Amino acid sequence: DNQIDTLTHLIECSWQRVNDPNELVSIGTKVRLKIIEINTERNQISTSIRALTPNPWDNIKNYEVGKDYEFTCERLTEYGAFMSIENLQALCHASEISWSRRNPSPKKFFQIGSKYVCRIQEIDKEKKRIAISFKATKEDPFITLEKQKPAGSIVSGEITSINEYALYVKFDEFDILGFCHMNDLLWQGDVEAELKKYKVGQKLSVKVLEINKNQQKCRVSIRHLKDSPWNYFKDKKVNDIITCEVISSDKKGLLVKPEGVELSLPIKKSQIAVSSSDSRPAIYSAGNRVDVAIAELNLEKEKVTLSIKLYEEIQDKIAIDKFGSKYSGKNLPFSQLSDKLSDKKKKK
């Protein structure tokens with residue numbers, strides 16, 4: 001046959017990275033080869049396909065890290081897109097595709113054969129690797145957001161996903177996902193039940209609470225679209241007296257609403273009256289108005305404790321300060337009459 005078998009090693013198939021020779025040739029196809037080594041001892045001839053073309057790495061001097069160039073998309077994988085420029089192959093990793101999406105699918109952003117402007121981030125001449133970024137050619141949307149919609153601004157968007165403790169909103173004007181924790185859904189109430197009311201694809205508005213450019217995060221809130229009802233207590237302090245409306249009562253105590261604000265607060269049974277015998281929630285009905293004192297106030301933790309008992313104690317102190325000691329009657333001649341009669345009965 002006068003035929004000689006030769007070996008073309010995988011790395012000699014192309015100047016670019018090849019995982020499988022079948023990507024370039026198939027059985028039966030004729031291929032031009034260049035002999036690069038003859039080993040008579042082993043009866044082996046080594047050949048090369050790539051040696052017939054100029055080494056593209058000779059042109060690497062034409063490119064600089066940090067600059068943008070137009071690349072052609074050649075191959076797509078789950079972890080990124082392989083692109084080329086002057087036969088130099090570069091990898092755009094999935095993490096460098098989008099600012100907002102953590103694990104984007106390259107197939108949703110690129111098409112084989114199409115050209116895309118990317119920024120060179122790294123050139124490793126020894127390993128012959130080039131790392132490029134698609135998202136770096138666009139301004140960081142978190143910087144844009146901070147300029148146009150700083151903390152306190154209202155933005156509109158669409159819910160893209162919901163988990164057991166939060167929902168994520170894709171902003172209409174920015175390539176950013178806003179994180180809304182379930183605690184930022186309501187000022188007061190069952191936040192877990194409230195979270196279940198929202199659906200993926202739902203349009204809504206949110207208020208920007210925090211923009212963290214370094215961590216690429218944006219925290220948003222739905223409850224902050226309305227003024228905090230806790231601001232009612234902003235100019236108040238412990239021992240201040242307020243008037244509330246009774247919402248309901250049960251064995252544990254009362255549920256009341258301070259007049260002028262939509263906020264429901266409990267009053268424990270032990271805080272209903274000074275005398276334990278009078279600490280009966282049943283004597284109060286829905287709609288009753290009652291004066292209470294602020295026993296505890298922590299606006300940072302959104303915690304307020306109300307007490308009718310404390311109110312009574314404050315009123316007693318005011319009366320004593322104004323009219324004298326509640327034991328002042330003991331100084332009158334007949335003040336101890338009942339005590340003397342009791343003593344006589346005991347002696348008998």
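Every heavy atom of this structure was used, including side-chain atoms; hydrogens, water molecules and symmetry mates were not. Please read these numbers as outputs of a predicted model, since none were measured by experiment.
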Problem set entry | Ile35 side chain reached by Ser46 side chain, heavy atoms, under 4.5 Å | no
Problem set entry | Flag, side chain of Asp278 to backbone of Ser275, donor-acceptor distance under 3.5 Å | no
For this session: Could you name each residue pair satisfying ring-ring contact (aromatic ring centres under 6.0 Å, His included) that touches residues 129-159, not counting sequence neighbours?
Result: Phe110-Phe134
Problem set entry | Heavy-atom pair with the smallest gap, counting every atom of Glu70 and Ile85 | O-CD1, 3.5 Å
Exercise. Stepwise, does the side-chain hydrogen bond (donor to acceptor under 3.5 Å, both in side chains) test hold for Lys115 with Thr72?
Worked result: CA-CA 4 Å; Lys115 295 181 181 295; Thr72 302; 3.0 Å; yes
Exercise. How many angstroms lie between NZ in Lys268 and OG in Ser270, if you round to the nearest 0.5 Å?
Worked result: 6.5 Å
Exercise. Are more than 12 heavy atoms from other residues, nucleotides or ligands located less than 6.0 Å from atom CG of Asn163?
Worked result: yes
Problem set entry | Glu78 CD: over 12 foreign heavy atoms closer than 6.0 Å | no
Problem set entry | Nearest non-hydrogen partners of Tyr63 and Ile123, listed with the distance | O-CD1, 4.0 Å
For this session: Step by step, work out the side-chain contact (heavy atoms from CB on, under 4.5 Å) result for Trp57 and Ile130.
Result: CA-CA 11 Å; Trp57 278 88; Ile130 302 174; 3.7 Å; yes
Exercise. Val220 and Phe171: side-chain contact (heavy atoms from CB on, under 4.5 Å), yes or no, with the steps?
Worked result: CA-CA 11 Å; Val220 300; Phe171 298 158; 3.7 Å; yes
Exercise. Does the cation-pi check pass for Lys236 over Tyr232, that is, NZ or CZ under 6.0 Å from the six-membered ring centre and within 45° of its axis?
Worked result: yes
For this session: Starting at CG of Leu310, measure out to CD1 of Ile241 and round the result to the nearest 0.5 Å.
Result: 6.5 Å
Exercise. Can you name the closest pair of heavy atoms from Tyr116 and Met83 and give their distance?
Worked result: CD1-CE, 4.1 Å
Seminar exercise, completed: Residues passing the side-chain hydrogen bond (donor to acceptor under 3.5 Å, both in side chains) test with Ser276, sequence neighbours excluded, are none
For this session: May I ask whether Ile242 and Leu299 are part of the same hydrophobic cluster, defined by side-chain heavy atoms of I, L, V, M, F, W, Y residues being less than 4.5 angstrom apart, directly or through others?
Result: yes
Exercise. Does one hydrophobic cluster hold both Ile267 and Val304, with members joined at side-chain heavy-atom distances below 4.5 Å?
Worked result: yes
Exercise. side-chain hydrogen bond (donor to acceptor under 3.5 Å, both in side chains) between Ser84 and Gln89: does it pass, once the steps are laid out?
Worked result: CA-CA 4 Å; Ser84 67; Gln89 192 177 67; over 6 Å; no
Seminar exercise, completed: Paired with Asp140, the side chain to side chain donor-acceptor pair (under 3.5 Å) test is passed by just one of Gln216, Lys213, Lys135, namely Gln216
For this session: Count the heavy atoms belonging to other residues, nucleotides or ligands that lie under 6.0 Å from NZ of Lys234, then report whether that count exceeds 12.
Result: no
For this session: Report yes if some heavy atom in the side chain of Tyr69 is under 4.5 Å from a heavy atom in the side chain of Cys118; otherwise report no.
Result: no
For this session: Could you tell me which residues satisfy side-chain hydrogen bond (donor to acceptor under 3.5 Å, both in side chains) with Glu37, sequence neighbours excluded, listed by chain and number?
Result: none
Problem set entry | Residues that Lys203 engages under salt bridge (Lys or Arg N to Asp or Glu O under 4.0 Å), provided they are two or more places apart | Glu158, Asp172
Exercise. So, Lys309 and Glu312, do they make that salt bridge, N to O below 4.0 Å?
Worked result: no
For this session: For atom NZ of Lys138, decide whether the heavy atoms of other residues, nucleotides or ligands shown that lie under 6.0 angstrom number more than 12.
Result: yes
Exercise. Which residue pairs pass the ring-ring contact (aromatic ring centres under 6.0 Å, His included) test when at least one of the two sits in residues 253-292, sequence neighbours left out?
Worked result: none
Exercise. Are the side chains of Leu204 and Val169 in touch, meaning some heavy atoms are under 4.5 Å apart?
Worked result: yes
For this session: State, with a plain yes or no, whether a side-chain heavy atom of Ile60 is found less than 4.5 Å away from one of Leu88.
Result: yes
Exercise. Hey, mind stepping through Cys244 and Leu306 against side-chain contact (heavy atoms from CB on, under 4.5 Å) and telling me if it holds?
Worked result: CA-CA 10 Å; Cys244 296; Leu306 302 179; 4.0 Å; yes
Exercise. Within a reach of under 6.0 Å around NZ of Lys257, are more than 12 heavy atoms found that belong to other residues, nucleotides or ligands?
Worked result: yes
Problem set entry | Interatomic distance, Glu296 atom CD to Ser307 atom OG [nearest 0.5 angstrom] | 11.5 Å
Exercise. Does Lys147 pair with Glu139 as a salt bridge, N-O distance under 4.0 Å?
Worked result: yes
Exercise. Is it the case that one hydrophobic cluster holds both Val261 and Leu255, taking links as side-chain heavy atoms less than 4.5 Å apart, direct or via other members?
Worked result: no
For this session: Return each pair, listed once, that meets ring-ring contact (aromatic ring centres under 6.0 Å, His included) where at least one residue sits in residues 26-49; pairs must be two or more places apart or across chains.
Result: none
For this session: Can you establish whether the number of heavy atoms outside Asn62 located under 6.0 Å from its atom CG is more than 12?
Result: yes
Exercise. In the hydrophobic clustering (ILVMFWY, side-chain contacts below 4.5 Å, transitive), which residues join Val117, or is it alone?
Worked result: none
Seminar exercise, completed: CZ (Arg75) and CG (Leu91) are apart, to the nearest 0.5 Å, by 9.0 Å
Can you give me every donor-acceptor pair (side chain of residues 174-191, partner residue at least two apart or in another chain, under 3.5 Å) with its distance?
residue : atom : partner : partner atom : Å
Asp175  : OD1  : Ser100  : OG           : 2.6
Asp175  : OD2  : Ser98   : OG           : 3.4
His181  : ND1  : Asn183  : N            : 3.1
Asp184  : OD2  : Arg219  : NE           : 3.4
Asp184  : OD2  : Arg219  : NH2          : 3.2
Trp187  : NE1  : Arg223  : O            : 2.7
Trp187  : NE1  : Lys226  : O            : 3.4
Gln188  : OE1  : Ser264  : N            : 2.8
Gln188  : NE2  : Ser264  : O            : 2.4
Asp190  : OD1  : Glu192  : N            : 3.2
Asp190  : OD1  : Ala193  : N            : 3.1

Exercise. Which residues satisfy the salt bridge (Lys or Arg N to Asp or Glu O under 4.0 Å) test with Asp124, sequence neighbours excluded?
Worked result: none
Exercise. What pairs with Arg289 under salt bridge (Lys or Arg N to Asp or Glu O under 4.0 Å), at least two apart in sequence or on another chain?
Worked result: Glu259
For this session: For residues Val200 and Ser161, report the shortest heavy-atom separation together with the two atoms involved.
Result: CG2-CA, 4.1 Å
Exercise. Do Leu263 and Val256 belong to the same hydrophobic cluster, where Ile, Leu, Val, Met, Phe, Trp and Tyr are linked whenever their side-chain heavy atoms lie under 4.5 Å apart, directly or via other members?
Worked result: yes
Problem set entry | Minimum side-chain heavy-atom gap Val208-Val155 below 4.5 Å | yes
Exercise. Same cluster or not: are Ile283 and Ile308 linked, directly or through other Ile, Leu, Val, Met, Phe, Trp or Tyr residues, by side-chain heavy atoms under 4.5 angstrom apart?
Worked result: yes
Exercise. Mind checking what makes ring pair (Phe, Tyr, Trp, His ring centres under 6.0 Å) contact with Phe71, not counting sequence neighbours?
Worked result: none
Problem set entry | Minimal non-hydrogen separation, Leu225 against Ser205, with atom names | CD1-O, 3.3 Å
Exercise. If you take all heavy atoms of Lys199 and Lys196, which pair is closest and at what distance?
Worked result: NZ-O, 3.9 Å
Exercise. How would you list, by chain and number, every residue that makes a salt bridge (Lys or Arg N to Asp or Glu O under 4.0 Å) with Lys67, sequence neighbours excluded?
Worked result: Glu64
For this session: Could you tell me whether the side chains of Gln315 and Asp291 share a donor-acceptor contact shorter than 3.5 Å?
Result: no
